[in-house]
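Before we start, here is the structure in question, set down as structure tokens.
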Amino acid sequence: MISDFIGWIFALLVVDPLQAQVQEQVERARLPVEIVRQSQACLTSQGPQLIERAAGDYGWAAATVVNVAIGRTAPAELLDSRDPQCAALVSVLSGADEDA
């Protein structure tokens, strides 16, 4: 029960903003269709993994929420850049963070 609540809060405060950031960058950068597809696949696979980790490790979840909220950690840093579907997305988001 508490795990579900923690997962929900984590999704609300971390995963949802990550998805919004991705959508914004995709629209702004007018990325090729293939990268858009890879980005969607990345979020589809990584989002539930992040939520599951948060539900199982409350300390990590709390620290991550705080670090994302204060800007110490960019949401894109939570994605696995070794995942082939996420590599292009991480690269695009990292470039956008540097421009900001």
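Computation of the quantities below employed the complete heavy-atom set of this structure, encompassing side-chain atoms and omitting hydrogens, waters and symmetry-equivalent molecules. Quick caveat: nothing in here was measured; it's all calculated off a predicted structure.
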Check whether S91 reaches the backbone of A87 with its side chain - one donor and one acceptor, N or O, closer than 3.5 Å.
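Not confirmed, S91 side chain does not pair with A87 backbone.
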Compare every heavy atom of D80 with every heavy atom of Q46, then report the nearest pair and how far apart it is.
OE1-N, 3.3 Å
Among V15, I9, D16, which one satisfies side-chain contact (heavy atoms from CB on, under 4.5 Å) with L13?
I9
Sequence neighbours left out, cut at 3.5 Å: what donor-acceptor pairs do the side chains of residues 48-55 make with other protein atoms?
none

Starting from V65, can I reach L18 by hopping between I/L/V/M/F/W/Y residues whose side chains sit under 4.5 Å apart?
no
Please enumerate all residues that pass salt bridge (charged side-chain N to carboxylate O under 4.0 Å, His left out) together with D83, with sequence neighbours excluded.
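None.
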Contact summary for R72 and E77, nearest pair of heavy atoms:
O-OE2, 4.5 Å
Ring pair (Phe, Tyr, Trp, His ring centres under 6.0 Å) contacts touching residues 34-84 (sequence neighbours left out):
F10-W60
Output for pair (S45 OG, Q40 CD), nearest 0.5 Å, gives 12.0 Å
Transitively linked via ILVMFWY side-chain contacts under 4.5 Å: I70 with L78?
no
Would you indicate whether the side-chain heavy atoms of T73 and T64 approach each other to under 4.5 Å?
no
Do the side chains of W8 and L12 get nearer than 4.5 Å, heavy atoms only?
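Yes - at least one pair of side-chain heavy atoms lies under 4.5 Å apart.
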